Amino acid sequence: MNTAPQRQTDRLYERVRPFIPALEWPVFATEIDAILELKRARDAVILAHNYQTPEIYHCIADIVGDSLQLAREAARLDARVIVMAGVYFMAETAKLINPDKLVLIPDREAGCSLAESITAEDVRDLRRQYPGIPVVTYVNTSAAVKAESDICCTSSNAREVVESLGSRKVILIPDHYLALNVARETSVEIIPWMGRCMVHERFGVEEVRELRRAHPDLAVLVHPECQPEVVEEADFSGSTTALARYIGERHPTQVALLTECSMSDNIAVEHPEVQFIRPCNLCPHMKRITLAKIRESLTSLCYPVEIDGGIADRARAAVERMLTL
Ligand code: 13P
Ligand code: SF4
C-alpha cells in the first residue's frame with residue numbers, strides 16, 4: 001500500500017480537475033508549489049478577484065471576492081506584502097488602504113476599460129458643470145479620479161452609497177450602464193458618464209431571450225455593468241459575489257452567468273449539482289494575471305504600486321467613506 005503523504009498540490013488538483021488536463025497539471029503544480037513557498041518566505045498574501053482563473057482562485061489565493069470584499073479584506077490584513085491577482089485599480093485600492101505595505105500587481109498593464117474612460121480633469125469639468133452635486137465614483141477608476149470624488153462605490157453598494165448622501169441629484173461615474181441601472185432603483189436623479197465595461201456591454205437582450213428559449217428552466221444572472229435591457233430581462237443582477245451567493249442560496253438547476261468567463265468555472269467547483277450554461281466574455285485585463293507572473297512578482301517583488309501623496313490622501317478618504325457605510 002502506498003503510504004506516501006498526498007502532496008498539497010495533488011489535493012488542490014481535485015478542485016480544478018475539470019479545467020486543467022492531467023497531462024498539464026505537473027507544470028501548474030510546480031508554479032503553485034513555488035508560489036506557496038514564496039508566500040511564506042515573503043510574508044505575503046494573495047487577494048484574487050472572482051474573475052481570476054481557477055488555478056489562481058482555488059489553488060493560491062488567500063482571499064477571494066468582489067471589489068468590495070477585496071477592499072474590506074485588504075483593510076484587515078497584517079501581512080507585509082499584498083499581491084493583487086486582479087486589475088490595477090484593485091491594487092491601487094489595496095495600496096490606498098495599506099499605505100505602509102508593499103502592494104504588488106503582477107502585470108502593470110492589467111487595466112480596465114471603465115478606468116480608462118475618465119480622467120481627473122473630466123471629473124473637475126463635471127463639478128464645474130454641476131456645481132454642488134456630489135460625485136460618487138465606482139471603484140473601477142484610477143486613484144486620481146477617486147481623489148476628485150466625494151465617495152466611492154462598488155457594484156454591491158452603488159444604490160446604498162447614492163442614497164446615503166441625502167442629495168436629490170448625484171453624479172455617478174464612470175459606468176453608464178451601472179448608473180442607468182441604479183437610476184431604475186432609486187428616486188435620486190443620476191447624472192451618468194459614458195464609460196463602458198468592454199466585457200459586459202457585449203451581452204445583448206436577444207442573447208438572453210434565445211437562452212431562455214433553449215433552456216426554459218434557466219436562471220439568468222447578470223452583472224449590473226450590463227445594459228439595462230439585459231438586466232431587466234434577467235432573474236437577478238448583482239456584484240460577482242452576489243451572483244455566487246444567489247446560486248448558493250437558491251440552487252437553480254441551470255444557470256447562465258452573463259459576466260466574465262472564469263466566474264462560472266470558479267463557482268462550478270462548489271456547486272457540481274448546478275448546470276452552468278456558459279455564454280461569457282473574457283476580460284483581457286484580468287487574464288493578464290497568470291501563475292508565472294505571480295511567481296515572478298513574489299520573487300522580484302514586482303511591480304510595487306505607488307500613489308502620489310496628495311492624490312492618495314484624497315482618494316483614500318473617498319474609499320474609506322464608502323467602507324464606513
Ligand atoms: P465586482 O465588484 O462585482 O466583482 O465587479 C468588478 C468588475 O470588474 C466587474 O467587471
Ligand atoms: Fe474592467 Fe470590465 Fe474587466 Fe471588470 S470585466 S476589470 S469592469 S474591463
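In what follows, every heavy atom counts, from backbone to side chain, and hydrogens, waters and symmetry copies are set aside. Worth saying up front: this structure is predicted, and the values here are computed from it rather than measured. In each ligand, atom 1 is the first atom listed, and ligand 1 is the first ligand listed. Residue numbers start at 1 and run along the sequence shown.
For L70 against M90, the heavy-atom pair with the smallest separation is CD1-SD, 4.3 Å. C59 and L12 get closest at one heavy-atom pair: O-CD1, 3.7 Å. Residues V136 and L165 approach most closely at CG2-CD1, 3.4 Å, considering heavy atoms.
With respect to atom 10 (O) of ligand 1, the closest heavy atom belonging to the protein is E225 OE1, 2.9 Å. At the shortest separation from atom 1 (Fe) of ligand 2 among protein heavy atoms lies C112 SG, 2.4 Å. The shortest contact between atom 6 (C) of ligand 1 and any protein heavy atom is with S67 OG, 3.3 Å. For atom 2 (Fe) of ligand 2, the nearest protein heavy atom (residue, atom name, distance) is C197 SG, 2.3 Å. The protein non-hydrogen atom at the shortest distance from atom 5 (O) of ligand 1 is H223 NE2, 3.3 Å.
Between R15 and E270 there is a salt bridge, since a side-chain N of the basic residue sits under 4.0 Å from a carboxylate O of the acidic one. One finds no salt bridge joining K101 and D43 here, because no Lys/Arg side-chain nitrogen approaches an Asp/Glu carboxylate oxygen to under 4.0 Å. In this structure, R11 does not pair ionically with E14, as no charged nitrogen and carboxylate oxygen lie closer than 4.0 Å. At a threshold of 4.0 Å, the pair E206-R213 counts as salt-bridged, since one of the basic side-chain nitrogens sits closer than that to a carboxylate oxygen. Salt bridge status for E92 with K146: absent, with no side-chain N to carboxylate O gap under 4.0 Å. Under 4.0 Å is where a charged nitrogen must lie from a carboxylate oxygen, and between R128 and E121 at least one such pair does. Checked for salt-bridge contact, E229 and R209 miss the test: no charged N lies under 4.0 Å from a carboxylate O.
Put simply, C283 stays out of reach of atom 1 (Fe) of ligand 2, with no N, O or S atom under 2.8 Å from it.
Counting the atoms of ligand 1 from 1 in the order shown, those under 4.0 Å from a heavy atom of S239 are 3 (O). Counting atoms of ligand 2 from 1 in the listed order, those under 4.0 Å from a heavy atom of N140 are 7 (S). The contact set between ligand 2 and L114, taken as ligand atoms under 4.0 Å from a residue heavy atom, comprises 7 (S). The atoms of ligand 1 that sit less than 4.0 Å from any heavy atom of H200 are 10 (O). Each of the following atoms of ligand 2 lies closer than 4.0 Å to a heavy atom of V199: 5 (S). Counting the atoms of ligand 1 from 1 in the order shown, those under 4.0 Å from a heavy atom of H49 are 1 (P), 4 (O), 5 (O), 6 (C). Listed by number with element, the atoms of ligand 2 under 4.0 Å from a non-hydrogen atom of Y51 are 5 (S). Using a 4.0 Å cut-off to heavy atoms of D66, the atoms of ligand 1 that qualify are 1 (P), 2 (O), 4 (O). Ligand 2 places these atoms under 4.0 Å from at least one heavy atom of S113: 8 (S).
At under 3.5 Å, a nitrogen or oxygen of T240, whether backbone or side chain, sits near a nitrogen or oxygen of ligand 1. Residue contacts with ligand 1: S155 is placed with a nitrogen or oxygen under 3.5 Å of a nitrogen or oxygen of the ligand (distance criterion only).
Ring geometry for H200 against F203 counts as tilted: the plane angle lies between 30° and 60°, on a 0 to 90° scale.
Contacts between E260 and ligand 1 below 4.0 angstrom, taking non-hydrogen atoms only, are absent altogether. At a 4.0 Å heavy-atom cut-off, ligand 1 does not touch T154 at all.
When only modelled atom types and interatomic distance are considered, T241 and S239 share no side-chain donor-acceptor pair under 3.5 Å. Between the side chains of D33 and T30, no donor-acceptor pair of N or O atoms lies under 3.5 Å.
Contact between N140 and ligand 1 is present, with at least one heavy atom of the residue lying under 4.0 Å from the ligand. The closest approach between E225 and ligand 2 falls below 4.0 Å for a heavy atom of the residue.
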